[in-house]
Colleague: 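Quick one: the structure is below, questions incoming.
In this text the structure is predicted, and so the values were computed from the model without any measurement.
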Amino acid sequence: MASKRSKRIEIVVDLARRAEETAADNFTQAKGALELAEEQLRDLAQYYQGYVERMQANTRAVKPSELIQTRAFLQQLSVAIRGQEHQIALLQQQLQQRQLAWHKSHLKTRSLEDLRTRYVREEHDADERLEQKALDEWVAQKRD
């Protein structure tokens with residue numbers, strides 16, 4: 001006898017479930033990377049602000065060479081902050097893509113699980129009809 005549809009589709013459901021888990025893991029990793037990049041940006045911004053405040057609080061006479069070095073250093077920090085902001089924008093896009101991929105995978109898995117449930121119900125109904133038919137035939141034979 002051929003295997004039932006509900007058993008055959010179980011393999012497909014398992015594959016879809018694994019793909020969904022992989023997509024969920026990818027989404028979680030992307031979220032973690034974004035959170036880390038945002039934390040690094042906050043650290044850079046705080047360091048920049050603290051450096052500016054220390055420089056402004058320093059009221060003693062500053063040599064021109066120190067001023068040039070300080071400005072160059074602040075410029076480098078500004079470039080690093082802009083680079084980190086760009087990285088965050090890229091990570092946000094990646095997070096959205098991975099969230100969408102997980103969502104699609106989740107919907108596919110749910111759809112296949114619903115199909116499997118429908119197959120099981122149809123097979124159960126067919127088995128009950130066969131059983132009822134056999135019972136009716138048995139009762140009909142007993143009357144004869």
Side-chain angles (χ1 to χ4, degrees), residues 1-59 62 65-144:
M1 180 172 139
S3 64
K4 294 185 175 186
R5 289 190 305 175
S6 63
K7 295 296 181 193
R8 291 191 311 255
I9 199 167
E10 187 65 37
I11 295 168
V12 177
V13 171
D14 286 341
L15 290 173
R17 196 174 293 126
R18 287 182 198 158
E20 180 183 358
E21 289 170 2
T22 300
D25 289 343
N26 291 339
F27 173 65
T28 301
Q29 289 173 358
K31 188 174 182 180
L34 176 61
E35 290 170 354
L36 179 63
E38 289 172 339
E39 182 180 332
Q40 290 171 343
L41 176 60
R42 282 190 301 275
D43 290 347
L44 277 172
Q46 287 174 351
Y47 185 70
Y48 180 91
Q49 187 61 34
Y51 200 84
V52 168
E53 289 172 2
R54 281 192 304 277
M55 193 178 98
Q56 290 172 346
N58 189 0
T59 56
V62 179
S65 63
E66 290 176 349
L67 185 59
I68 291 172
Q69 287 177 340
T70 300
R71 285 188 179 173
F73 180 68
L74 288 174
Q75 181 65 27
Q76 288 176 341
L77 279 176
S78 292
V79 169
I81 288 171
R82 284 193 304 274
Q84 192 66 20
E85 289 170 341
H86 178 70
Q87 181 68 21
I88 286 172
L90 294 175
L91 289 171
Q92 286 172 334
Q93 288 176 343
Q94 185 181 55
L95 180 66
Q96 289 174 346
Q97 291 169 348
R98 289 186 177 184
Q99 183 179 22
L100 180 61
W102 169 80
H103 186 69
K104 286 180 179 180
S105 181
H106 176 73
L107 291 176
K108 180 179 179 179
T109 300
R110 294 294 156 251
S111 176
L112 288 169
E113 287 174 343
D114 290 346
L115 182 61
R116 182 192 60 211
T117 300
R118 190 182 95 210
Y119 285 171
V120 167
R121 189 175 34 247
E122 288 173 357
E123 290 163 0
H124 182 280
D125 292 347
D127 289 345
E128 282 186 356
R129 283 191 300 274
L130 284 174
E131 193 174 305
Q132 184 63 43
K133 183 179 176 184
L135 185 60
D136 290 346
E137 288 174 1
W138 182 78
V139 168
Q141 287 176 355
K142 286 290 186 183
R143 287 186 193 164
D144 292 340

Colleague: Other residues, nucleotides and ligands only: do more than 12 of their heavy atoms fall within 6.0 Å of CZ on R110?
Modeller: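 Yes.
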Colleague: Which distance, rounded to the nearest 0.5 Å, do you find between the CG of L130 and the CG of D125?
Modeller: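 Answer rounded to 0.5 Å: 11.0 Å.
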Colleague: Who passes side-chain contact (heavy atoms from CB on, under 4.5 Å) against T70, sequence neighbours left out?
Modeller: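 Scan of T70 (side-chain contact (heavy atoms from CB on, under 4.5 Å), adjacent residues dropped) gives Y51, M55, L74.
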Colleague: Consider only side-chain N and O atoms of Q141 and E137, and report whether a donor and an acceptor are under 3.5 Å apart.
Modeller: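 E137 and Q141 do not have a side-chain donor-acceptor pair below 3.5 Å.
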Colleague: Can you list the residues that meet the ring pair (Phe, Tyr, Trp, His ring centres under 6.0 Å) rule with Y48, with sequence neighbours excluded?
Modeller: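 None.
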Colleague: Among R116, E123, R118, E122, which residue meets the side-chain hydrogen bond (donor to acceptor under 3.5 Å, both in side chains) test with S6?
Modeller: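 For S6, the side-chain hydrogen bond (donor to acceptor under 3.5 Å, both in side chains) test succeeds with only one of R116, E123, R118, E122, which is E123.
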Colleague: State, with a plain yes or no, whether a side-chain heavy atom of K133 is found less than 4.5 Å away from one of R129.
Modeller: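 They are not in contact (no side-chain heavy atoms under 4.5 Å apart), so the answer is no.
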Colleague: Report the residues that fulfil salt bridge (Lys or Arg N to Asp or Glu O under 4.0 Å) with D127, sequence neighbours left out, ordered by chain and then residue number.
Modeller: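 D127 satisfies salt bridge (Lys or Arg N to Asp or Glu O under 4.0 Å) with K4 only.
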Colleague: Nearest 0.5 angstrom please: E131 CD to D136 CG, how far?
Modeller: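 The distance works out to 11.0 Å.
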Colleague: Sequence neighbours excluded and cut-off under 3.5 Å, please list the side-chain donor-acceptor pairs for residues 12-33, or say none.
Modeller:
residue: D14; atom: OD1; partner: R17; partner atom: NH1; Å: 3.1
residue: R17; atom: NE; partner: E113; partner atom: OE2; Å: 3.4
residue: R17; atom: NH2; partner: E113; partner atom: OE2; Å: 2.8
residue: E20; atom: OE1; partner: T109; partner atom: OG1; Å: 3.1
residue: E20; atom: OE2; partner: H106; partner atom: ND1; Å: 2.6
residue: T22; atom: OG1; partner: R18; partner atom: O; Å: 3.0
residue: N26; atom: ND2; partner: T22; partner atom: O; Å: 3.4
residue: T28; atom: OG1; partner: A24; partner atom: O; Å: 2.9

Colleague: Who pairs with Y47 by ring pair (Phe, Tyr, Trp, His ring centres under 6.0 Å), at least two apart in sequence or on another chain?
Modeller: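 Result, ring pair (Phe, Tyr, Trp, His ring centres under 6.0 Å) vs Y47: none returned.
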Colleague: Throw together a table of side-chain donor-acceptor distances under 3.5 angstrom for residues 79-96, partners on residues two or more places apart or in other chains.
Modeller:
residue: Q84; atom: NE2; partner: A37; partner atom: O; Å: 3.0
residue: Q84; atom: NE2; partner: Q40; partner atom: OE1; Å: 3.3

Colleague: Please report the interatomic distance OH(Y119) to CZ(R8), rounded to the nearest 0.5 Å.
Modeller: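 So the gap between those two atoms works out to 8.0 Å.
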Colleague: When rounded to the nearest 0.5 angstrom, what distance separates CG in L100 from OG in S105?
Modeller: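 The distance works out to 11.0 Å.
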